[in-house]
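On a predicted model such as this, the values are computed, not experimentally measured, just so you know. What you see below is based on every heavy atom in this structure, not just the backbone, and it leaves out hydrogens, waters and symmetry mates. Numbered from 1 within each chain, the chains take letters A, B, ... in sequence-line order.
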Amino acid sequence: MSAHSHIDGELPHEPERATLEGRNKVLGFWLFLGGETVLFGTLFSVYLSLRGQVLDGPPAYELFKLWTVALATFLLLTSSLTSVFAVQALHRNNVKSLINWLIVTVFLGLCFLGLEIYEFIEYVKEGHKFTTSAFSTSFYTLVGFHGAHVAFGIIWISMLIAQVKRKGLTVVTAPKVYVASMYWHFIDVVWVFIFTVVYLMGKVG
Amino acid sequence: MAHAHEVKRYSGLMDWLTTVDHKKIGILYLIAGGFFFLIGGLEAILIRIQLWKPLNNFVNPDTYNQLLTMHGTTMIFLAAMPVIFALMNAIVPLQIGARDVAFPFVNALGFWTFFFGGVLLNISWFAGGAPDAGWTSYVPLASSTFSEGEGVDYYVIGLQIAGIGTLVGGINFLVTIINMRAPGMSFMRMPMFTWSAFITSALILFAFPALTVGLVALMFDRIFSGNFFNPSGGGNAVLWEHIFWIFGHPEVYILILPAFGIISEIVSTFSRKRLFGYSSMVFATVLIGFLGFMVWAHHMFTAGLGPVANALFSIATMLIAVPTGIKIFNWLFTLWGGSIRFTTANLFAVGFIPTFVMGGVTGVMLAAAPADYQYQDTYFVVAHFHYVIVGGLVLGLFAGLHYWWPKMFGRMLSEKLGKWTFWTFYIGFHMTFLIQHFLGLLGMPRRTWTYLNGLGFNEMNLVSTVGAFLMGIGTLLFLLNIIVTFGKPKTAGNDPWEDGRTLEWSIPSPAPEYNFAQTPLVRGYDALWKEKTDGNNGMTPAEPLGPIHMPSPSILPFFMALGLFIAGFGFMYRNWIAVAVGMATVFLCMILRSVKDDNGFHIEPDELHDKGVKA
């Protein structure tokens, strides 16, 4: 019932939590991220237990180019910041600013993804293929899972931009934007761990 | 605000394909889970026919391996879990005084993905051979080197799809229980079944993603020649065991905790007493859920993890006996001094207690790592886990189905047939599995298609096979009971057992679409019983009568699951067009769902066909 009382009227404070549907969505998404944490935790454990098995392929310290990875990290962390700006715009009920910040977020995400694809192509050229060794298989699976999450997020947020443009900011669209930004932060946090555990430890370990 | 949205309402088959009503989804889970239970049961009967005499050649070894694998996989993932979800869907929202679940659409999606995953897994029988590497699918046996056909691919992809359904179902119940309780229904007033559904859902949330990763890794190894578990590529076969059991052990608690909840409700109702030690019951449930994540390596004592790891996991495993013991004593003290009625539901519940204790005792025996070197891979283990899963969970499910049948369908099951079901199934169960402890101690190996003459196994295997048939007869009697009952009129009242204590017994049977015409005000634990003892006629409403908002039905969950099903086949046969078509269907449905606002519709107060509404 409450979902309808707000639709035509003024947008309430914190519109993402104004309705039971909205609160359910936000809580459900937190729980979903809990499950995602286990998913990535398992992938990290698998990678850590197999990363020494390089066989004939190039070892991590020869393979990884820290400058591309650092640039990718910079792009993704910045995109997290811009998604915060988007949510702040949402709380100010400023649709135009919200959409603009979401567009910047998606753009940075695309740049990150482009760098990652370039990086993977370079690695394959150097003989680091998916089937080369247990190290390469678990590397591509972990980093690839993260990349797939980024790609999904880009498509998701792009769809949301179109939706917010058409429908404006309501108690139905606000939780969607909020939840998408939670998702974006999550994949950002996962990347911080990938940067540390995969790349930095790969360089020195 | 009562502007009613016009919404298309379906009837007949389309109603069932598009429903987002948790009560109907519960019935769908029951039908599908029951169907898979019959398939799994048939596989069990075939296994027992093969083993009734030494050197039997009723089935060949390859078929035996497939039967064994599919029996375990089907029973755990496609029979036990869905029937648990059936009861959770049918009862939990009613017990907390909610009109609906938190995510009705996702709930339907959970059902359909489970269903299509299960169908995909079972199609393997007709597509060149079912999976045959055991329900645990250990590598290297399950790797493409040793399992060349598509069997294990069906296992990997079927379970992946079914697992998605279980995971989203778990999230749905967590949010429902946290956010949608009626006024006054605090956590420490929640009925035990709801508590167990809550903890089970939390275990699903944190255990299933590990299985997802395991299945992805196995799939990448098999389909894309990855090296996760391939030692010649630097992979590690023991890693699969870790991943599988870090999911697999919580999974057994996912299965048993709802049974604990069901038994708590039934024992309390039919003793006409408040559940003894309610708060310790809650504590024990939470503790079992927590410890369930700490014991996975007790499935790997003989894998060579070393004495320190084995000792730690041994002790952690034995610790679980403490909260479980608390529960057993609480049930006994609830029965103690009660005016007990032995309905069929209560027979199953009371029969559950000693049976489960026996399974628990062998569990502690198996937890002793040095002794486990003797028991492992023998029928002793088979006997143990059938005592906890069949003697625990399945008896609990039978109890729950008999107890809540009138609330789900508006008709009471025949008590006479119910008692026949109980005695045949119960005696059959103990005949089948008690003797397998001794077969195991004599050294009969599990997972082996036959045995030699003169080892002293013959008579005991024959007894076990006769017992299996008796269990089969018990199951058929239950089916007969269902059929007979559906020929009768819907006469069950709000509280057909007369001693109902919880909110579901305060509303008509079966519950109307909107569950509660007015959200009830909960004034204590055993909410309805409290009103009864205070001399009130039913619950006090917490709100005035008003229009009730309902979600609209949708066909999208069905098509999303169908898309995953098609993509699953694509992966299996490396048909990338099918993968693209399937995944495009999934994404298209997601986009449609996101773009098209679900306004739902309203049921106006004058449409409530519910007697006894209070103004």
Side-chain angles (χ1 to χ4, degrees), chain A residues 1-8 20-21 23-32 34-46 49-57 129-138 140-142 144-145 152 155-156 159-160 162-163 166-167 170 172-173 176, chain B residues 1-3 5 101-103 106 167-168 170-172 174-176 178-180 201-202 204-214 216-217 220-221 224-236 238-239 242-243 246-247 546-549 551 587 590-591 594-595 597-600 602:
Chain A
M1 273 176 286
S2 48
H4 298 272
S5 51
H6 293 299
I7 279 187
D8 315 315
L20 179 62
E21 285 83 353
R23 287 192 295 277
N24 283 347
K25 207 170 249 180
V26 172
L27 176 64
F29 206 79
W30 272 112
L31 294 170
F32 170 73
E36 287 267 87
T37 308
V38 177
L39 182 109
F40 277 103
T42 314
L43 284 169
F44 273 109
S45 318
V46 169
S49 69
L50 298 178
R51 75 189 183 108
Q53 304 298 326
V54 181
L55 303 190
D56 302 330
K129 296 189 185 113
F130 183 78
T131 53
T132 304
S133 63
F135 162 62
S136 71
T137 304
S138 58
Y140 281 116
T141 306
L142 170 60
F145 248 73
F152 184 84
I155 297 169
W156 182 12
M159 304 290 307
L160 279 183
Q163 218 178 113
R166 214 158 50 87
K167 297 179 188 167
T170 67
V172 179
T173 50
K176 294 183 183 181
Chain B
M1 69 171 148
H3 48 274
H5 295 279
V101 291
F103 307 114
V106 171
L167 183 70
V168 296
I171 294 177
N172 177 36
L174 283 171
V175 178
T176 303
I178 295 173
N179 270 2
M180 314 243 326
S201 303
I204 287 173
L205 175 61
F206 293 115
F208 266 77
L211 178 69
T212 306
V213 172
V216 163
F220 282 5
D221 269 15
F224 304 122
S225 315
N227 294 308
F228 285 108
F229 310 121
N230 172 16
S232 64
N236 185 341
V238 179
L239 188 61
H242 278 294
I243 298 175
I246 215 162
F247 146 77
I548 295 169
H549 180 244
F587 284 116
M590 284 169 91
I591 291 168
S594 176
V595 171
D597 282 339
D598 176 16
N599 291 320
H602 283 89

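Between chain B and the options A:N24, A:T42, A:V54, A:L31, heavy-atom pairs under 4.5 Å are most frequent for A:N24. For chain A, the option among B:F103, B:F206, B:F228, B:F229 with the highest count of heavy-atom pairs below 4.5 Å is B:F228. In terms of heavy-atom pairs under 4.5 Å with chain B, the best-connected choice from A:K176, A:M159, A:K167 is A:K167. Put simply, of A:F152, A:F135, A:F40, the one with the most heavy-atom pairs under 4.5 Å next to chain B is A:F152. Interface check for chain A: of the options B:N172, B:I178, B:V216, B:L239, the most heavy-atom pairs under 4.5 Å are formed by B:L239.
For the atom pair CE (B:M590) and CD1 (A:I155), the distance works out to 9.5 Å, reported to the nearest 0.5 Å.
Contacts between A:L50 and chain B at a heavy-atom distance below 4.5 Å involve the side chain alone, from C-beta outward. In this structure, no portion of A:T37 lies under 4.5 Å from any heavy atom of chain B. Using a 4.5 Å cut-off between heavy atoms, A:L55 touches chain B through its side chain atoms alone. Both the backbone and the side chain of A:S133 come within contact range of chain B, judged by heavy atoms closer than 4.5 Å. For a residue to count as touching a neighbouring chain, one of its non-hydrogen atoms must lie under 4.5 Å from one of that chain's; by this rule B:F208 does not touch chain A. Neither the backbone nor the side chain of A:K129 comes within less than 4.5 Å of any heavy atom in chain B. Proximity to chain A (any heavy atom under 4.5 Å) is shown, for B:T176, by neither the backbone nor the side chain.
The main-chain N or O of B:G226 is never found under 3.5 Å from a side-chain atom of A:T137 such that the two would form a donor-acceptor pair.
Closest non-hydrogen pair, B:P209 versus A:L39, comes out as CB-N, 3.7 Å. The minimum heavy-atom distance between B:G235 and A:A134, with the atom names listed, is N-CB, 3.6 Å. When all heavy atoms are compared, the tightest approach of B:S594 to A:Q163 is OG-NE2, 2.9 Å.
Between A:Y140 and B:F220, a ring centre-to-centre spacing not shorter than 6.0 Å is recorded.
Counting heavy atoms from C-beta on, the side chains of A:Q53 and B:N227 never come closer than 4.5 Å.
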